[in-house]
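Letters A, B, ... are given to chains in the order of the sequence lines, protein chains preceding strands, and every chain is numbered from 1. Predicted model only: the values in this text are computed from it and were never measured. These values consider heavy atoms only, across backbone and side chains, with no hydrogens, waters or symmetry-generated copies.
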Number of protein chains: 2
Amino acid sequence: MDEQESDGVKRVSISTEKSLPIALLRARESVMGPIRSMLANAGVTEQQWRVLRVLDENTSMDPTEIAERSCLLLPSLTRILQTLGEKGYVDRSPHPTDGRRLRITITPSGRRFIASNMAESERIAARLESHLGKDKMELLLDLLNELDGLRL
Amino acid sequence: MDEQESDGVKRVSISTEKSLPIALLRARESVMGPIRSMLANAGVTEQQWRVLRVLDENTSMDPTEIAERSCLLLPSLTRILQTLGEKGYVDRSPHPTDGRRLRITITPSGRRFIASNMAESERIAARLESHLGKDKMELLLDLLNELDGLRL
DNA sequence: TCAATATAGTTAACTTGTTAACTTCATGGG
DNA sequence: CCCATGAAGTTAACAAGTTAACTATATTGA
């Protein structure tokens, strides 16, 4: 119940319980718990893992594309690519025609890293889906995508 | 379609498109866009705003309670309370019986700050609900809460 | 052609996220 | 009573989020 409703006045204010941003945050925390453990063992952060996975799905990308697909801002990505380069998981080369751009590629070592951790990642995802139910999962993804598509 | 399905082999891997953590992240980004503009004008961060709103709903709390309700970790909250104290929005006093705890209270200035920005905050929330639809909004909140309740 | 403007990426400065170590106070059992 | 253990906060160190300024290259139009 809403603590501030004891005076009989219906509170219009959105108590933090019903706030969508906070609900999204909490839900994400719950989902990320097991994934974080897995990634901590593997020695990468959640964001580094996202970048590697996006790169693994594509042969070569420039930072702007990577940022878009892994949901990171460019300044963050600059630092992450720096770290991943030091770990030997990505290479960078100049763009053939546009001197402003870079071509980022995942190295064989990076692909091996993904391969050796993907099974566990998928086990975690499968366990989540089995707990929530396939139908609810799809419904949830649809709603989230719709939210993402809204132009506010 | 999935780029890696061209060989006819059904990919089991969860392309980042269908990843729940990323969908949650993207959805949150969309929702937060207008809120961030509002808060930037007001001169507080999203997290500072969350803390103030939680404090506004309760007369006095200790940091552990605040952290739980505003979905922050204690080390972050320590710094945020420091900042809010400097802004004059919160006060701290020792707990009457337990020497380890603190009592954090929102100041009148903090309440005025909330009051002068709550209307705009609610306009934004209302616009969101009108775009998505009340039914879908409730459905989404239910699903997110269920996700939060899962023990993985 | 060349100056104005736009794009890609980096750097900087500040705030927060995240984990671990640390300090102080409480509490329960010997 | 005293020590071991636990709980509440803080501090530290590093990674990432966020906005703005900046560099270098491209592109456009007069």
In whole Å, what is the span from the [atom1] atom of [X] to the [atom2] atom of [N]?
{"X": "R28(A)", "N": "dA16(D)", "atom1": "CZ", "atom2": "C1'", "value": "12 Å"}
{"X": "L74(A)", "N": "dG17(D)", "atom1": "CG", "atom2": "C1'", "value": "13 Å"}
{"X": "Q82(B)", "N": "dT11(D)", "atom1": "CD", "atom2": "P", "value": "8 Å"}
{"X": "N41(B)", "N": "dT19(D)", "atom1": "CG", "atom2": "P", "value": "12 Å"}
{"X": "E65(B)", "N": "dA7(D)", "atom1": "CD", "atom2": "P", "value": "16 Å"}
{"X": "I66(A)", "N": "dG9(C)", "atom1": "CD1", "atom2": "C1'", "value": "12 Å"}
{"X": "M61(A)", "N": "dA8(C)", "atom1": "CE", "atom2": "C1'", "value": "15 Å"}
{"X": "E68(B)", "N": "dG9(D)", "atom1": "CD", "atom2": "P", "value": "13 Å"}

Tell me whether [X] contacts the main-chain N or O of [Y] through its side chain, where contact means a donor paired with an acceptor under 3.5 Å.
{"X": "S70(B)", "Y": "I66(B)", "value": "yes"}
{"X": "N58(B)", "Y": "S60(B)", "value": "no"}
{"X": "E65(B)", "Y": "D62(B)", "value": "yes"}

**Request:** Please lay out, stage by stage, how R26(A) and N145(B) fare under the test side chain to side chain contact (heavy atoms under 4.5 Å, CB included).
**Result:** CA-CA 8 Å; R26(A) 282 196 226 271; N145(B) 286 329; 6.0 Å; no
**Asked** If you measure only the distance, is there a donor-acceptor pair under 3.5 Å linking the side chains of R103(B) and S93(B)?
**Response** no
**Prompt:** Under the side-chain hydrogen bond (donor to acceptor under 3.5 Å, both in side chains) criterion, do T107(B) and D91(B) qualify, and how do the steps go?
**Reply:** CA-CA 6 Å; T107(B) 63; D91(B) 273 336; 6.0 Å; no
Can you tell whether the side chains of [X] and [Y] come within less than 4.0 Å, N to carboxylate O?
{"X": "R28(B)", "Y": "E46(B)", "value": "yes"}
{"X": "R53(B)", "Y": "D56(B)", "value": "no"}
{"X": "E29(A)", "Y": "R36(A)", "value": "yes"}

**Prompt:** Quick one: what's the B/S/- string for nucleotides 14-19 of chain C, heavy-atom cutoff under 4.0 Å, read 5' to 3'?
**Reply:** -SBBBB
**Request:** Using a cut-off of strictly less than 4.0 Å between a heavy atom of the residue and any atom of DNA chain D, enumerate the qualifying residues of residues 89-99 of chain A by number.
**Result:** T97(A), D98(A), G99(A)
**Prompt:** Looking at T64(B), does any N or O in its side chain come under 4.0 Å of the phosphate oxygens OP1/OP2 on dG9(D)?
**Reply:** yes
